[in-house]
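First the proteins, then the strands, lettered A, B, ... as listed; each starts at 1.
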There are 2 protein chains.
Amino acid sequence: MISQNHTTIKTIAAKLGISKGTVSKALQDSHEISIATKNKVLEAANELHYKPNHFASGLKSRKSKAIAVIVPEIVDSFFSLAIKGIETVTQKKGYHINIYITNDLVSKEKEIFKLLSDGRVDGVLISICRDATCSDHIKELMDTGMPLVFFDRVVEDIETGKVVTDDFKSGYNAAQHLIEQGCKRVCFFSISENLSILQKRVEGFKRALSEKHITNADNSVYQISTDKNKCQETITSLLSDPDLRPDGIVISVELLTIPIYTVCKALNISIPEDLKVICFSNLQYASFLSPPLTTITQPAFEIGEQAASLICSAITNNRSLKNEKIICPSQLDIRNSSLVY
Amino acid sequence: MISQNHTTIKTIAAKLGISKGTVSKALQDSHEISIATKNKVLEAANELHYKPNHFASGLKSRKSKAIAVIVPEIVDSFFSLAIKGIETVTQKKGYHINIYITNDLVSKEKEIFKLLSDGRVDGVLISICRDATCSDHIKELMDTGMPLVFFDRVVEDIETGKVVTDDFKSGYNAAQHLIEQGCKRVCFFSISENLSILQKRVEGFKRALSEKHITNADNSVYQISTDKNKCQETITSLLSDPDLRPDGIVISVELLTIPIYTVCKALNISIPEDLKVICFSNLQYASFLSPPLTTITQPAFEIGEQAASLICSAITNNRSLKNEKIICPSQLDIRNSSLVY
């Protein structure tokens, strides 16, 4: 086979003995070119397997038809499902998606933002990283006119599109369920004090506790490291201390599930007899865990779809996004890990 | 803030009262331009927040610094982990990755290949879809000079880079383990007759059976639909029939795990007492399932890393890939689902 990579407007022009400008105008269906010439050009383009060049089209339109999707993690049932929702929409609308994984590091997030300032993408979808102490890099890119939509993990004080779940209500429902199951000392395991969605889950959690006059509400929230060893250490020391040990835990993120199941097994703490557990999770295996895990199930796929629709509409209609917030409600899926034995 | 989006070579030229050509050459450090002019241009470029345009650079270099990653599914622990491995390498080497999900449909795979012929990416990493009946679209893109590496699911008769696991040996080990645990009627659940990696797993499986003189080897392989309802129907009818019902199953792909656990629960078939189960899976929750699942664990992250290294080296060194096969061995992780009770 011949290499078709090198067929350009110049090749077609040379073959037909006409100028590059004529070929270019003919391919753009310009009124300046006769129908006969257009037909000749199209025939030659077909014969030579001419493909319009991505960069040439982009340079003309200043559109890449690509969207950046920035996530903290991909080996996670929430984010992989959200990406699937995004891809379902972007694919239909003719957009490509570039995936960037921050590993929950703001330093990596900043590096990624530097890369995006060259026009490579037409818009950005982002779920920010855990140590969200700085958002200047996000504001800077938006100031260049780049449309950006947050999904799940948002920066509250940046005005733009946001797609989230009902975090306050979900935290409230989780705590209420544990209290209804007879828990007296309920704790909340978080991974960040900075993420607004976790703050809201904590607020809802505390509201339920104070309404039921559970008095440990002030010292009931623990920040757990996401480092595997540190995480297990913290949980072990908390569950080993008779004065601190909770009888119910709300876990804010899926990645803490395995450490909690592991520590309980090691310490011979039985779920749910000794400890009731409920987790924010999209794990499709929740029903098959031992014991089956009660979850606050977020509509991850739908959150992805909504975020993608919003960014595509902003790009296509060249409209700037106001503080538009779409809230997709989560649901409480009760399984054995939180039920009275 | 002013919009920085519109600073172009023209803006800089206008500010300094020199030609666009001079600015362009100065920015490319051309010997035709004096040092004094270069300094003036660089100063103005900095002041105006000039960013080189992705399309303009691409048009010049014909490189996009992007790699397409095509997978059948993303909500799957093998593929999400492989993508993470890919991203770890591409990020270090300065490449962007575009993700495409085929949903295991060859029609969607073909559409994606059409989109990639415009120079948007410099290379392709692909794990092909289940109904791999046609690979003309892959050959066509490769004929244009596009570097391509297969990972996990490969097309055997296309000569290029391939990164896989030791499928024959893994199938052999899985069957041998079940036979050692006393199984007399061992079956293999596949999802495709066309995928070469599944054919190899079946071959290894059959070899172990014939070596141990297990006589059902010929009718021991079942093709299971990936449609949720059809899949459960097939498994239910097989496990309900006393003449057909196996006492050991090797599951070729992770997505069949939930249907098997579901059907066994519904039919009151106890794993492992009545039925021993072993699955090709990267599920990090395998130890916490009820019962804990024995897995053939593929080095998914490493497969992704190796595939990414291969494609980056092919692009950077402009070298065509011969039939280079990298084999990353899997390991058998024995848990309760396959052990003598």
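Each of A:Asp76, A:Leu293, A:Asn282, A:Leu283 has some count of heavy-atom pairs under 4.5 Å with chain B, and the biggest count is that of A:Leu283. By number of non-hydrogen pairs under 4.5 angstrom with chain A, the leading residue of B:Tyr100, B:Phe79, B:Tyr285, B:Tyr261 is B:Tyr285. With chain B as partner, the option from A:Lys84, A:His96, A:Gln91 having the largest number of non-hydrogen pairs under 4.5 angstrom is A:His96. Your options are A:Lys265, A:Glu111, A:Lys139, A:Glu73, and the one with the most heavy-atom pairs under 4.5 Å with chain B is A:Glu73. Considering only heavy-atom pairs separated by less than 4.5 Å from chain B, the leading option among A:Leu81, A:Ile258, A:Thr257 is A:Ile258. Between chain A and the residues B:Ile101, B:Leu115, B:Thr88, the most heavy-atom pairs under 4.5 angstrom are made by B:Ile101.
The distance from the CG atom of A:Leu125 to the CD1 atom of A:Ile303 is 12.5 Å, given to the nearest 0.5 Å. Summarising the geometry, atom NZ belonging to B:Lys110 is positioned 10.0 Å from atom CD belonging to B:Glu140; distances are rounded to the nearest 0.5 Å.
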message: Test side chain to side chain contact (heavy atoms under 4.5 Å, CB included) on B:Phe280 and B:Leu256; report intermediate values, then the result.
response: CA-CA 10 Å; B:Phe280 281 80; B:Leu256 295 178; over 6 Å; no

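For A:Thr262, the parts lying under 4.5 angstrom from a heavy atom of chain B are both the backbone and the side chain. Residue contact with chain B, scored on non-hydrogen atoms closer than 4.5 Å, involves the backbone and the side chain of A:Gln284 alike. Neither the backbone nor the side chain of B:Ile112 has a heavy atom closer than 4.5 Å to any heavy atom of chain A. With a threshold of 4.5 angstrom between heavy atoms, A:Lys108 approaches chain B through side-chain atoms but not through N, CA, C or O.
A donor-acceptor pair is defined here as one N or O able to donate and one able to accept, closer than 3.5 Å; no such pair exists between the side chain of B:Asn103 and the backbone of B:Leu105. The main-chain N or O of A:Phe78 is never found under 3.5 Å from a side-chain atom of A:Gln298 such that the two would form a donor-acceptor pair.
Heavy-atom neighbours of B:Asp157 CG from other residues, nucleotides or ligands within 6.0 Å: above the threshold of 12.
In this structure, B:Arg335 and B:Ser287 have side chains that are in contact, with non-hydrogen atoms separated by less than 4.5 Å.
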